[in-house]
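Shown next, in structure tokens, is the structure this report addresses.
This one's a predicted model, so the numbers in the text were calculated from it and none came from an experiment. Note that the numbering runs from 1 along the sequence shown for the chain.
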Amino acid sequence: KTQTNTKNPKSEPKKTSTQTPSVTPEVKSLSDNFAANKGKLPWPVEKGFISERFGTHAHEKLDQITVQNNGIDIQASEGAKARCIHKGTVTAVISIPGMGKAVIINHGEYYTVYSKLKDVTVGQGQSVAFKQTIGSIGEDDDGATEIHLEIWYNQDKQNPEAWLAK
């Protein structure tokens with residue numbers, strides 16, 4: 001979508017925010033590499049199990065209440081470390097009330113979000129490697145050691161379970 005300046009008809013059309021930005025070759029390569037590993041990516045913990053699945057589902061304790069999970073929750077052993085599931089660059093390290101610390105990593109057009117972290121060992125702008133430790137997993141309200149993982153393709157939520165190795 002473009003807008004033309006009617007006061008000066010010789011001016012170039014002005015781009016608006018609805019146009020899709022072009023993807024650099026580097027971003028495309030990293031995105032393609034991430035996408036090629038669907039179903040083969042490592043878990044963000046060495047050992048664990050999915051304690052809450054992606055999507056909308058019934059609340060485990062409250063009848064007639066549904067929960068929307070933008071990712072998956074994985075329970076792990078006490079003291080477990082969180083690790084990056086694919087190489088990328090740390091976009092942000094933030095604190096989320098009720099979710100502890102979170103790390104957002106860019107993988108081209110894909111992003112991974114790791115939250116419920118007790119502490120973080122990476123910083124914004126840092127390059128991270130495959131399976132690199134990014135922090136320690138914290139405990140939830142019930143005392144379980146649990147990490148929350150989200151995968152996004154641009155602004156589209158993905159089901160992380162489909163991306164992880166079985």
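Minimum interatomic distance between Asn106 and Leu30 (heavy atoms only, all atoms of both residues): O-CD2, 4.4 Å. Minimum interatomic distance between His57 and Asn69 (heavy atoms only, all atoms of both residues): NE2-CB, 4.2 Å. A pairwise comparison of heavy atoms in Pro160 and Ile151 identifies CA-CD1, 3.9 Å as the closest pair. For Ala76 against Val45, the heavy-atom pair with the smallest separation is CB-CG1, 4.1 Å. Residues Ile105 and Cys84 share a closest heavy-atom pair of CD1-SG, 3.7 Å. Shown here for Ile137 and Glu146, the closest heavy-atom pair between the two residues is CG2-O, 3.1 Å.
Using a 4.5 Å heavy-atom threshold, the side chains of Leu117 and Val103 count as touching. Annotation: side chain of Leu149 is not in contact with side chain of Ile147 (no heavy-atom distance under 4.5 Å). When side chains are defined from C-beta on, Gln124 does not count as touching Thr91, because their heavy atoms never get closer than 4.5 Å. Inter-residue side-chain proximity for Val67 and Glu60 is flagged as unmet; no heavy-atom pair is nearer than 4.5 Å. Under the 4.5 Å side-chain criterion, counting only non-hydrogen atoms from C-beta, Val122 is not in contact with Thr133. Proximity of Arg83 to Pro42: side-chain heavy atoms (C-beta onward) are separated by under 4.5 Å at one or more points. Proximity of Ile94 to Ile96: side-chain heavy atoms (C-beta onward) are separated by under 4.5 Å at one or more points.
Checked by atom type, the side-chain pair Tyr114/Thr112 shows a donor-acceptor distance below 3.5 Å. Using modelled atom types and a 3.5 Å distance limit, the side chains of Ser136 and Lys81 yield a donor-acceptor pair. Glu139 and Thr145 share no side-chain donor-acceptor pair at under 3.5 Å. Counting only N and O atoms by type, the side chains of His148 and Asn70 include no donor and acceptor under 3.5 Å apart.
Here Lys116 pairs with Asp73 in a salt bridge; the nearest charged N to carboxylate O distance falls below 4.0 Å. Arg53 and Glu161 are joined by a salt bridge, as a carboxylate oxygen and a charged side-chain nitrogen come within less than 4.0 angstrom of each other.
The closest donor-acceptor contact from the side chain of Ser31 to the backbone of Glu109 lies under 3.5 Å. Listed for the Asp140 side chain is a donor-acceptor partner under 3.5 Å among the backbone atoms of Ala144. Judged by distance alone, with hydrogens and angles left aside, the side-chain atoms of Ser77 form no donor-acceptor pair with the main-chain N or O of Ala80 at under 3.5 Å.
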Next item on the list: Give the intermediate values and the outcome of side chain to side chain contact (heavy atoms under 4.5 Å, CB included) for residues Ile72 and Glu52.
Entry: CA-CA 6 Å; Ile72 58 174; Glu52 189 173 327; over 6 Å; no
Notebook entry, point to check: Under the ring-ring contact (aromatic ring centres under 6.0 Å, His included) criterion, do Tyr110 and Trp163 qualify, and how do the steps go?
Noted result: CA-CA 12 Å; Tyr110 290 89; Trp163 288 85; 5.3 Å; yes
Notebook entry, point to check: How far apart are the C-alpha atoms of Leu41 and His86, what are their side-chain angles, what is the distance that settles it, and do they pass the side chain to side chain contact (heavy atoms under 4.5 Å, CB included) test?
Noted result: CA-CA 7 Å; Leu41 293 171; His86 193 273; 3.9 Å; yes
Check: Could you walk me through whether Phe54 and Gln158 pass the side chain to side chain contact (heavy atoms under 4.5 Å, CB included) check?
Finding: CA-CA 9 Å; Phe54 175 82; Gln158 305 287 306; over 6 Å; no
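The distance from atom NZ of Lys38 to atom CG of Leu164, rounded to the nearest 0.5 Å, is 11.0 Å. Here Gln132 contributes atom CD and Thr121 contributes atom OG1; the two are 7.0 Å apart, rounded to the nearest 0.5 Å. Here Gln126 contributes atom CD and Ile134 contributes atom CD1; the two are 10.5 Å apart, rounded to the nearest 0.5 Å. Remark: Ser127 OG to Lys87 NZ distance equals 10.0 Å, nearest 0.5 Å.
Counting heavy-atom neighbours within 6.0 Å of Lys166 NZ, excluding the residue itself, gives a total above 12. Other residues, nucleotides and ligands place more than 12 heavy atoms under 6.0 Å from the CD atom of Gln68.
Applying the under-4.5 Å side-chain rule to Ile, Leu, Val, Met, Phe, Trp and Tyr, the cluster around Ile65 extends to Leu62.
Cluster membership for Met99 and Ile104, using ILVMFWY side-chain heavy atoms within less than 4.5 angstrom, is shared.
The one candidate from Trp152, Phe130, Phe34 that meets the ring-ring contact (aromatic ring centres under 6.0 Å, His included) condition with His107 is Phe34.
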